[in-house]
Structures are given as C-alpha cells and as structure tokens.
Amino acid sequence: EVQLVESGGGLVQAGGSLRLSCAASGFSFDDYGIGWFRQAPGKEREGVSCIDSSDGSTYYADSVQGRFTISSDNAKNTVYLEMNSLKPEDTAVYYCAAKLAPLMSSWSYYGVAGTIDYWGQGTKVTVSS
C-alpha cells in the first residue's frame, strides 16, 4: 500500500519556522520526485518545492525561494521541508506528493494537470501576523 504521511504542521507567528516531514512507503523512493503543494482557502493549488532524491536536484516556487529548504533522508524514505521566515501568506494546507521521474521545473504544472501519482492527506500550516 502506497502511503505519504505528513507531519509537522501547526500554528506559528510570522517570522517563525516549521519543519514538515513526509514519510513515504509502498513505492521505490529513489525513482520518484517527492515534494510539496499547498492550497490556501479560495486559492489555486501551488507547487511549493520538490526533490529528486536520486540526484539531489530541487525545485522551489519563487514565492518560497530563499526561505524554504527541501531535503531527503533516503535511509528513512522521508522528505523534509524546512520553512523559515514564515509569512501570513504561507498559511495553507500543505500536501506531500510523489511523481515518477518528474521534470523539476514542471512540478507546479503536474499539480494543475492532475498527473501527480500519489498524494498525502495534508497538514495545515497557519502563520499569524
């Protein structure tokens, strides 16, 4: 059974930090790009970041570049999203997602196109001003 289990969401003040985790199981971790989307109320789903654990290549949306860092622990089949300097506009439900052999630059497009292979259940991040 394929599972993507997120953890680490919560409430934080603006300027604070959170670390999200996504534990993957049931598929070959090294063959997939794994990353994060987010969706705020009334807004479209946005591709936030992605990592290809086979070569370490990454993608970041312009809105989080320089503030968020994605990493992977291949021994634990887990991907992390370190979120620093959080802003109220980062408030959203964050979803872990996996896609077989993605093109990093197309990560956000995959969410719109409906071509993500696996989704997690989501974890809520709230940033207060």
Side-chain angles (χ1 to χ4, degrees):
E1 180 187 7
V2 171
Q3 284 190 312
L4 294 173
V5 180
E6 302 108 327
S7 60
L11 173 65
V12 64
Q13 288 188 332
S17 300
L18 282 175
R19 188 176 80 156
L20 304 183
S21 300
C22 174
S25 61
F27 61 94
S28 180
F29 187 79
D30 291 347
D31 291 337
Y32 282 73
I34 299 177
W36 300 87
F37 289 81
R38 67 185 181 186
Q39 189 163 23
K43 294 189 176 181
E44 291 187 351
R45 184 163 51 196
E46 175 188 19
V48 175
S49 182
C50 178
I51 187 167
D52 184 337
S53 60
S54 66
D55 64 8
S57 58
T58 59
Y59 161 83
Y60 294 98
D62 289 344
S63 57
V64 305
Q65 180 75 46
R67 299 188 298 122
F68 291 11
T69 302
I70 194 167
S71 61
S72 68
D73 184 334
N74 290 13
K76 295 182 178 180
N77 282 6
T78 299
V79 170
Y80 303 98
L81 186 67
E82 186 74 33
M83 305 186 296
N84 298 317
S85 302
L86 283 162
K87 305 174 181 180
E89 50 264 44
D90 294 316
T91 295
V93 177
Y94 284 70
Y95 296 91
C96 182
K99 179 169 176 61
L100 181 66
L103 183 64
M104 291 289 107
S105 60
S106 296
W107 183 247
S108 195
Y109 166 78
Y110 295 135
V112 174
T115 55
I116 291 293
D117 294 302
Y118 307 119
W119 290 96
Q121 81 284 356
T123 186
K124 188 172 183 180
V125 172
T126 303
V127 184
S128 62
S129 57

Donor-acceptor pair, [X] side chain versus [Y] backbone, under 3.5 Å?
X: T78; Y: K76; answer: yes
X: D52; Y: G33; answer: no
X: R67; Y: S85; answer: yes
X: T123; Y: G9; answer: yes

With clusters defined by side-chain heavy atoms of hydrophobic residues (ILVMFWY) lying less than 4.5 Å apart, directly or transitively, does [Y] cluster with [X]?
X: F68; Y: V127; result: yes
X: L100; Y: V2; result: yes
X: Y110; Y: W119; result: yes
X: L86; Y: Y95; result: no

Considering residues at least two apart in sequence or located in another chain, which fulfil the ring pair (Phe, Tyr, Trp, His ring centres under 6.0 Å) criterion with Y32? F27, Y118
Scan L81, L11, L18 and name whichever one has a side chain to side chain contact (heavy atoms under 4.5 Å, CB included) with V125.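 Of L81, L11, L18, side chain to side chain contact (heavy atoms under 4.5 Å, CB included) with V125 is met by L18 alone.
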Go through Y60 and V48 one step at a time and tell me if the side-chain contact (heavy atoms from CB on, under 4.5 Å) criterion holds. CA-CA 6 Å; Y60 294 98; V48 175; over 6 Å; no
Can you tell me how far the NZ atom of K43 sits from the OG1 atom of T91, to the nearest 0.5 Å? 9.5 Å
Using 0.5 Å steps for rounding, measure from the CD atom of E82 to the OG atom of S49. 12.0 Å
Is the closest side-chain heavy-atom distance between [X] and [Y] below 4.5 Å?
X: L20; Y: M83; value: yes
X: I70; Y: Y80; value: no
X: V79; Y: I51; value: yes
X: V112; Y: R45; value: no

With distance as the sole criterion, is a donor-acceptor pair present between the side chains of D55 and S57 under 3.5 Å? yes
Residues that E46 engages under salt bridge (Lys or Arg N to Asp or Glu O under 4.0 Å), provided they are two or more places apart: R38
Given side chain to side chain donor-acceptor pair (under 3.5 Å), test D30 with S28 step by step and report yes or no. CA-CA 6 Å; D30 291 347; S28 180; 5.9 Å; no
Do you know which two heavy atoms are closest between [X] and [Y], and how far apart they sit?
X: T115; Y: K99; result: O-NZ, 3.0 Å
X: I34; Y: A24; result: CD1-CB, 4.2 Å
X: L4; Y: C96; result: CD1-O, 3.9 Å
X: G47; Y: S108; result: N-OG, 3.2 Å

Would you confirm whether the ring centroid of F37 sits within less than 6.0 angstrom of the ring centroid of W107? yes
Walk me through whether S17 and N84 qualify under side chain to side chain donor-acceptor pair (under 3.5 Å). CA-CA 4 Å; S17 300; N84 298 317; 2.8 Å; yes
Hey, mind stepping through W36 and C50 against side-chain contact (heavy atoms from CB on, under 4.5 Å) and telling me if it holds? CA-CA 6 Å; W36 300 87; C50 178; over 6 Å; no
Could you go through the side chain to side chain donor-acceptor pair (under 3.5 Å) check for Q39 and E44 one step at a time? CA-CA 6 Å; Q39 189 163 23; E44 291 187 351; over 6 Å; no
